[in-house]
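Every heavy atom of this structure was used, including side-chain atoms; hydrogens, water molecules and symmetry mates were not.
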Amino acid sequence: MVMKQEVRCSRRMAIFAVFDILDRLQAAHEQHILGDIKAQINFQGKISEFAFAVTENSEDQSILHISILYPAMDLSADEAWAALEYLKSIIVSHIEEVQNTEIGKSFL
């Protein structure tokens, strides 16, 4: 199960956003040589393993990829999809929040 989302930011910013969110969720995570970030995340009391990757479309546009590698044994397909939606939503919101903060600083 894979979810993709275009984000209006550099690949680097999107990767930092993924790490920020994983830290907020207190998720055990590691980055692999090929660039994928793998993390064990507790969603609704069930721990599953997810992978995150970011590909660059242009200097200021990227694609966030989130997949569930090893769902918890008792995680239903609907719950797995909800977990992907939740992760996508909080990462995209975090990117927008950071961008708005940066824009606000430029006006000061």
Side-chain angles (χ1 to χ4, degrees):
M1 202 174 278
V2 178
M3 181 171 286
K4 297 179 185 179
Q5 175 69 44
E6 282 190 20
V7 291
R8 293 186 177 269
C9 68
S10 68
R11 179 178 181 273
R12 182 180 175 156
M13 179 184 226
I15 290 169
F16 282 134
V18 169
F19 281 118
D20 285 348
I21 293 302
L22 293 176
D23 288 343
R24 271 192 208 167
L25 295 173
Q26 299 177 338
H29 57 78
E30 57 186 49
Q31 186 168 6
H32 290 266
I33 294 172
L34 298 176
D36 282 357
I37 302 163
K38 293 186 179 179
Q40 293 181 349
I41 300 172
N42 184 335
F43 181 75
Q44 296 181 345
K46 301 170 185 174
I47 297 176
S48 299
E49 187 171 336
F50 295 83
F52 301 83
V54 180
T55 55
E56 185 174 75
N57 272 351
S58 66
E59 188 176 306
D60 61 348
Q61 188 167 354
S62 303
I63 300 174
L64 171 65
H65 307 260
I66 306 170
S67 57
I68 187 163
L69 300 176
Y70 301 105
M73 285 182 53
D74 55 347
L75 192 73
S76 71
D78 287 343
E79 289 172 321
W81 191 253
L84 292 172
E85 279 286 345
Y86 172 72
L87 292 168
K88 178 191 78 167
S89 173
I90 61 174
I91 292 168
V92 170
S93 292
H94 182 62
I95 290 168
E96 291 170 354
E97 179 182 306
V98 169
Q99 288 173 327
N100 288 337
T101 301
E102 291 301 316
I103 290 169
K105 285 181 183 176
S106 69
F107 287 113
L108 295 176

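Here the side chains of Val7 and Val54 are not in contact, with every heavy-atom distance at 4.5 Å or above. Residues Met3 and Ile68 fail the side-chain proximity criterion, which asks for heavy atoms closer than 4.5 Å. In this structure, the side chains of Phe52 and Leu87 come closer than 4.5 Å at one or more pairs of heavy atoms. Contact check for Leu22 versus Ile41: side-chain heavy atoms found under the 4.5 Å cut-off.
Between Glu30 atom CD and Gln40 atom CD the span is 8.5 Å, to the nearest 0.5 Å. Annotation: the span from Glu56 atom CD to Ile15 atom CD1 amounts to 9.5 Å, rounded to 0.5 Å. With values rounded to the nearest 0.5 angstrom, Gln99 atom CD is found 9.5 Å from Arg8 atom CZ. Atom CZ of Phe19 sits about 3.5 Å away from atom CD1 of Ile37, to the nearest 0.5 Å. Separating the CD atom in Glu79 from the CD atom in Gln44 is a distance of 5.5 Å, to the nearest 0.5 Å. Taken from CG in Leu25 to CG in Asp20, the straight-line distance is 11.0 Å, to the nearest 0.5 Å.
The nearest pair of heavy atoms linking Ser62 to Arg11 is OG-N, 3.0 Å. What you find for Ala17 and Ile95 is that their closest heavy atoms are CB-CG1, 3.5 Å. Scanning all heavy atoms of the two residues, the minimum distance from Ala39 to His29 falls at CB-CB, 3.7 Å.
With hydrophobic clusters built from ILVMFWY side chains whose heavy atoms lie under 4.5 angstrom apart, Ile47 does not share a cluster with Ile21. Ile91 and Phe16 fall into different hydrophobic clusters, defined by Ile, Leu, Val, Met, Phe, Trp and Tyr side-chain heavy atoms under 4.5 Å apart, directly or through other members. Clustering ILVMFWY residues whenever any of their side-chain heavy atoms sit less than 4.5 angstrom apart, transitively, puts Met1 in a cluster other than the one holding Leu69.
The number of heavy-atom neighbours closer than 6.0 Å to OH of Tyr86, taken from other residues, nucleotides and ligands shown, is 12 or below.
With sequence neighbours left out, Thr55 forms a side chain to side chain contact (heavy atoms under 4.5 Å, CB included) with Ile63, His65.
No donor-acceptor pair under 3.5 Å is formed between the side chain of Ser89 and the backbone N or O of Glu85. A distance-only check finds a donor-acceptor pair linking the side chain of Ser48 to the backbone of Ala72 [under 3.5 Å].
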